[in-house]
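Just so it is clear, the model here is predicted, and its values are computed rather than measured. Indexing begins at 1, ligand by ligand and atom by atom, following the structure's order. For reference, positions follow the sequence shown, starting with 1.
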Amino acid sequence: MTARECDFLIIGSGIAGASAAYHLVDRGSAILLERESQPGYHSTGRSAAVFAESYGPRLMRVMTVASGPFLRKPPAGFADVPLMHPRGALFVAREDQRSLLEDLVKELSELSDDLQLMAPEQALQLCPVLKRGYVALAAHDPTVMDMDVNAIHQGYLRGARAKGAAIVTDAEVVALERRGERWRARTKVGEFSAPVLINAAGAWADVVAGLAGARKIGLQPKRRTVIVFDAPAGLDMAAFPIAADCSEQFYFKPESGRVLASPADETPVEPQDVQPEEIDIALVVDRVEQASTLRVERIVRRWAGLRSFVKDKNPVVGFAPDAPGFFWLAGQGGYGIQTSYAMGLTAASLATGRGLPDAVKSYGLTESDLGPQRLWA
Ligand SMILES: Cc1cc2nc3c(=O)[nH]c(=O)nc-3n(C[C@H](O)[C@H](O)[C@H](O)COP(=O)(O)OP(=O)(O)OC[C@H]3O[C@@H](n4cnc5c(N)ncnc54)[C@H](O)[C@@H]3O)c2cc1C
């Protein structure tokens, strides 16, 4: 059987594969292979859609800061709508969490001085549904934004397509083989071949490594649950910030006239089409009702998605040392949308032998901070 050939074969068309394709098409031809009938069915379509430069480990925050200018002001034609909208975030601490929040603000001040401690009275002015007496201390980050994830994802895909990339759906890669200088991928819709294979398979990235015979990175998918429920009648929450527990026990935010909330659960599971569990729904209801005057009377939507991490919680971006032409783009955890622009740029730059782009190198990052070898040291 003859294989369809290209320069870069990308497995997975979530935000990671899409942003990598967006950047790679300037350097060669690309094909994205997607198992599902539409891109974005898994983690990318299940996020909370928050952009926060004050969220996550330092490397993720660097990638977020480096993605900000593009997401705030994308090039003409990238999308018909703004990609981000102001939201703001309020990190709240109970009396017993006070020092946790103070330490968090200190740590985060290295990359941004936007996060400011505030007294409970001020916090309640910004988010009047928080319970008086629950909040001992708060920190406000006015720069946090809501993202239009679909517009961002479609923008990358459209941009890649405009420069010749093909997105092939219903194309699960079931076998991989290195023949000479090229990878050959087998799917039920045909075979595809390229010298460089980009593994952007989200929670399945280690499964794909197994197909290629490459050493795995110990990727652990973790389930996270989200509910959307009715806001109290007559209360306009549109301008409220996200309220988030400072040790990530819950968060809630306005969502198109309703409230979106999560218990910020992180349950390790196998890669799968994950669904919410009743226990996590009960947890989020309990935590939101303890911290706020909100009552969860009618849940209108519920879902769960996978956030996938390696042991140091940083992303894995770089060539596998043990499998020529096999490139890792995995471990985006809970930050894959907000970091997507810089992550795709970095992947494309490294996969074409140009080293780290200045936008991330200027923060002191090195290729070994990102590459897979660090995980086996
Ligand atoms: C509840 C929740 C809240 C989140 N909130 C945020 C947030 O507020 N901000 C933020 O930035 N991030 C957030 N995230 C994280 C973000 O959603 C992920 O980091 C990001 O979507 C990961 O993108 P991905 O492309 O790596 O994975 P995916 O979107 O899962 O894409 C991987 C794709 O690979 C395909 N695939 C797998 N194996 C194969 C194969 N063998 N052949 C072909 N295709 C294959 C899959 O079908 C899938 O479509 C959240 C995640 C969850 C679950």
Side-chain angles (χ1 to χ4, degrees), residues 9-21 31-53 55-56 60 63-64 67 71 84 87 89 144-147 149 152-153 156 167-176 185-189 192 197-212 219 221-227 242 244 251 253 260-266 269 271-274 276 280 284 302-309 315-316 328-341 343-344 347:
L9 197 52
I10 302 171
I11 303 184
S13 68
I15 200 84
S19 58
I31 298 178
L32 288 110
L33 298 177
E34 171 55 52
R35 176 184 52 211
E36 306 296 341
S37 57
Q38 60 180 52
Y41 176 76
H42 289 288
S43 301
T44 298
R46 306 183 192 200
S47 86
V50 176
F51 176 94
E53 291 174 345
Y55 182 46
M60 293 293 190
M63 290 288 184
T64 307
S67 298
L71 295 174
M84 302 213 285
R87 169 58 58 208
V144 169
M145 309 283 270
D146 276 341
M147 294 182 287
V149 177
I152 298 169
H153 188 209
Y156 292 136
I167 298 144
V168 186
T169 52
D170 297 307
E172 178 176 11
V173 174
V174 292
L176 284 169
R186 197 167 81 227
T187 76
K188 68 176 184 211
V189 295
F192 299 83
L197 184 80
I198 311 276
N199 179 6
W204 290 266
D206 259 348
V207 177
V208 166
L211 296 178
L219 190 70
K222 295 186 175 178
R223 184 179 68 231
R224 177 158 290 188
T225 309
V226 176
I227 60 170
I242 303 158
Y251 57 83
K253 68 166 189 169
L260 177 156
S262 172
D265 44 332
E266 295 198 317
V269 291
Q272 60 184 283
D273 185 357
V274 71
D280 296 316
V284 60
R302 61 185 73 195
W303 69 87
L306 296 175
R307 302 157 80 247
S308 298
F309 298 90
V316 183
W328 286 97
L329 178 53
Q332 290 84 349
Y335 323 95
I337 318 289
Q338 62 179 30
T339 57
S340 59
Y341 179 79
M343 209 81 93

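- When atom types are taken as modelled, the side chain of Arg224 and the backbone of Ala264 share a donor-acceptor pair closer than 3.5 angstrom.
- When each of Ile31, Leu32, Ile10 is checked for a side chain to side chain contact (heavy atoms under 4.5 Å, CB included) with Ile167, only Leu32 meets the rule.
- Sorted by chain and number, the heavy-atom contacts of ligand 1 below 4.0 Å come from Ile11, Gly12, Gly14, Ile15, Ala16, Leu33, Glu34, Arg35, Glu36, His42, Ser43, Thr44, Arg46, Ser47, Ala48, Ala49, Val50, Met147, Ala171, Glu172, Val173, Ala200, Ala201, Gly202, Trp204, Arg224, Val226, Gly305, Leu306, Arg307, Gln332, Gly333, Gly334, Tyr335, Gly336, Ile337, Gln338.
- Under a 3.5 Å cut-off, the side chain of Thr225 and the backbone N or O of Pro276 do not form any donor-acceptor pair.
- Applying the ring-ring contact (aromatic ring centres under 6.0 Å, His included) rule to Tyr341 yields the partners His23, Phe70; only residues at least two apart in sequence or on another chain are considered.
- Residue Arg223 comes nearest to Val269 through the heavy atom pair NH1-CG1, 3.9 Å, listed as atom of the first residue, atom of the second, then distance.
- A cation-pi arrangement is found for Arg46 relative to Tyr41, the charged atom lying closer than 6.0 Å to the ring centre and inside a 45° cone about the ring normal.
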